[in-house]
Amino acid sequence: MKKHKYIFVTGGVMSGVGKGIAASSIGAIMKARGFVVTMIKIDPYINMDAGTMNPTEHGEVFVLEDGDETDQDMGNYERFLNISLSRINYMTTGRVYQEVIRKERNLEYKGKNVEVVPDIPFEVIRRIELASDKANSDITIIEIGGTIGEYQNMLFLEAARMMKSKAHDDVAFVMVSYLPIPSKIGEMKTKPTQYASRTLNSAGIQTDVIIARSAVPLDQKRKDKIAMFCNIKPEGVISAPDVESIYDVPINFEKDNLSKILGDVLKLDLKKRPLNFGPWKTFVKRSKLVKKEVHIAVIGKYFSSGEFILSDVYISVLEALKYSAYKLNHKIKLHYLGSKIFEDDKNKLKNLKKYDGILVPGGFGSTGIEGLISVIKYARENKIPYFGLCYGMQLLVIEYARNVLKLKDANTAEINPSSKNLVIDIMPDQKQKLAQCNYGGSMRLGAYEAVLSRGTIAYNSYKEDIIQERHRHRYEVNPLYIEKLINTGLVFSGKSPDGILMEIAELSKKVHPFFLGTQFHPEFLARPLAPHPLFTAFLKSAINKG
Ligand code: GLN
């Protein structure tokens with residue numbers, strides 16, 4: 001087995017300052033130098049996964065190929081590195097404790113007293129090593145969630161400290177810290193960073209690199225100050241000002257020689273590993289040159305938290321739209337609309353005409369659903385390109401059943417189980433799980449195959465007979481209605497290999513330029529350097545409309 005090198009990325013005293021993007025960017029740089037890189041996210045909460053959390057609280061749930069429901073940072077890793085990760089790359093406090101308790105119950109500790117320290121950090125280390133072996137990585141990047149000084153992530157920091165003390169040259173530390181510029185003072189403040197660095201010291205960790213996040217670039221005076229008070233070399237202070245695009249970040253880090261600094265700490269021979277950033281740079285350049293705009297209305301239910309718009313909930317969808325827009329030489333202009341407004345005032349539907357396309361992403365529960373169904377009807381009747389993802393596909397089927405098949409009470413069992421026409425129904429195995437209140441990690445999750453029918457929009461986009469896409473749902477198109485729906489013109493262009501589950505619904509191009517929904521989540525497979533064919537097809541028709 002290869003010997004692995006480890007880079008731990010921690011926060012400072014503030015969260016939400018781009019630690020995930022910083023970790024992803026370090027990964028992208030090391031990959032561009034020809035290393036095999038894998039990434040691990042540690043979320044210090046008790047939850048076993050992100051699947052049971054409210055999206056307005058936690059943001060997007062990113063689904064991995066093996067069905068793990070994880071944090072949105074895992075999506076950033078996959079997109080920045082163009083890799084697919086698995087369950088072992090994602091860790092929570094709950095997972096670590098559960099495994100330790102399982103081993104204890106199985107007598108695997110052979111009668112010894114099992115203790116929080118060192119047994120919890122040992123299990124953390126075991127997982128990090130397992131993920132590294134599985135990926136056969138040269139470098140493993142581990143992002144420790146949360147902020148420095150909080151109680152929750154201490155045992156993960158302790159694991160990192162133990163790894164460093166065991167193999168000094170194999171472990172490096174990067175701290176991502178924010179430097180505020182209070183508006184009344186107008187001066188960039190380094191104290192929170194100094195404080196965070198000292199707090200790390202008290203956990204036995206000396207950081208090697210500080211990524212200094214701020215609104216503007218760092219000046220030399222502050223670089224020197226941080227170096228002096230945080231005990232690192234001046235070149236270890238990387239200026240990371242706010243940028244127009246997150247995809248600039250790896251390029252900017254390399255301008256400050258980040259890989260060389262980490263290479264020195266980890267004793268890596270970089271001379272034989274020139275940086276191959278070509279395709280990434282081309283992608284970033286193109287994203288800046290595009291001028292023409294395509295306007296897409298994203299209509300969902302998880303947009304607002306108090307006064308703030310929460311676009312993070314659909315981050316993979318938004319990124320997927322960007323990649324395909326760039327490929328088509330356009331800039332994406334998104335308009336987030338809460339679906340409830342269309343319930344309260346049907347006249348508002350007319351406003352949808354001004355958009356080039358409408359997208360309804362995944363969702364759960366009944367709030368705003370009638371509004372979404374009216375939107376889909378409007379898109380169908382007015383030939384506005386429509387793309388529905390998961391719930392967006394199920395609602396497409398309900399709309400079609402209500403207004404074309406004339407089943408006025410068509411519905412999904414998720415909203416009204418007593419409706420006579422459940423065109424979307426619960427999957428039989430799911431019924432049992434819900435009866436047992438078995439909610440966590442129990443949906444139809446992860447990658448499944450679908451067989452495409454030739455001559456359809458789906459086939460013409462993928463140009464493949466069999467595809468594989470990631471899922472996260474409990475409900476499905478009810479087999480009892482499939483024939484009736486087909487007879488009234490709905491096309492099921494993608495089905496599970498056994499023909500039972502409907503994976504894609506669409507209308508023929510003769511009837512509508514683009515009216516298509518997927519039971520799966522295509523957004524999880526869109527990558528900057530490999531835009532997703534369905535997003536591209538949707539935007540192509542949106543651009544043609546405009
Ligand atoms: N609520 C629907 C289901 O569970 C759709 C889920 C989704 O959009 N991810 O089937």
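What's counted below: heavy atoms across the whole structure, side chains too, no hydrogens, waters or symmetry copies. Start at 1 and go down the list; that is how both ligands and their atoms are numbered. All of these numbers come straight from a predicted model, not from anything done at the bench.
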Engineer: To which protein heavy atom is atom 4 (O) of ligand 1 closest, and what is the distance rounded to 0.1 Å?
Structural biologist: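 Nearest protein contact, heavy atoms only, for atom 4 (O) of ligand 1 is R474 N, 3.0 Å.
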Engineer: Look at D248 together with K288 and state whether they make a salt bridge at an N to O cut-off of under 4.0 Å.
Structural biologist: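 Judged by the 4.0 Å cut-off on N to carboxylate O distance, D248 and K288 do form a salt bridge.
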Engineer: To which of G362, G363, P361, G388 does the heavy atom nearest atom 5 (C) of ligand 1 belong?
Structural biologist: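 Residue with the shortest heavy-atom distance to the ligand atom: G363.
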Engineer: Please could you name the atoms of ligand 1 that C390 approaches to less than 4.0 Å, counting only its heavy atoms?
Structural biologist: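 Answer, ordered by atom number: 5 (C), 6 (C), 7 (C), 8 (O), 9 (N).
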Engineer: Side chain to side chain donor-acceptor pair (under 3.5 Å) with T412: which residues, sequence neighbours excluded?
Structural biologist: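 So T412 forms no side chain to side chain donor-acceptor pair (under 3.5 Å) with any residue.
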Engineer: Within the structure, is a non-hydrogen atom of H521 found at a distance of less than 4.0 Å from ligand 1?
Structural biologist: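 H521: in contact with ligand 1 (<4.0 Å).
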Engineer: What do you reckon, is NZ of K540 surrounded by more than 12 foreign heavy atoms closer than 6.0 Å?
Structural biologist: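 For K540, atom NZ is not crowded (no more than 12 foreign heavy atoms under 6.0 Å).
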Engineer: Atom 1 (N) of ligand 1: which protein heavy atom is closest, and how many Å away?
Structural biologist: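 Ranked first by proximity to atom 1 (N) of ligand 1 is E414 OE1, 2.6 Å.
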Engineer: Residues two or more places apart in sequence or in another chain: which of them pass ring pair (Phe, Tyr, Trp, His ring centres under 6.0 Å) with F8?
Structural biologist: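 Counting only residues at least two positions away or on another chain, F8 forms a ring pair (Phe, Tyr, Trp, His ring centres under 6.0 Å) with F173.
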Engineer: Using a 4.0 Å cut-off to any heavy atom of R472, which atoms of ligand 1 qualify?
Structural biologist: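 Those of ligand 1 that fall under 4.0 Å from R472 are 6 (C), 7 (C), 9 (N).
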Engineer: Under 30°, 30 to 60°, or over 60°: which ring-plane class applies to H532 and F535, parallel, tilted or perpendicular?
Structural biologist: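 Perpendicular, since the angle between the ring planes exceeds 60°.
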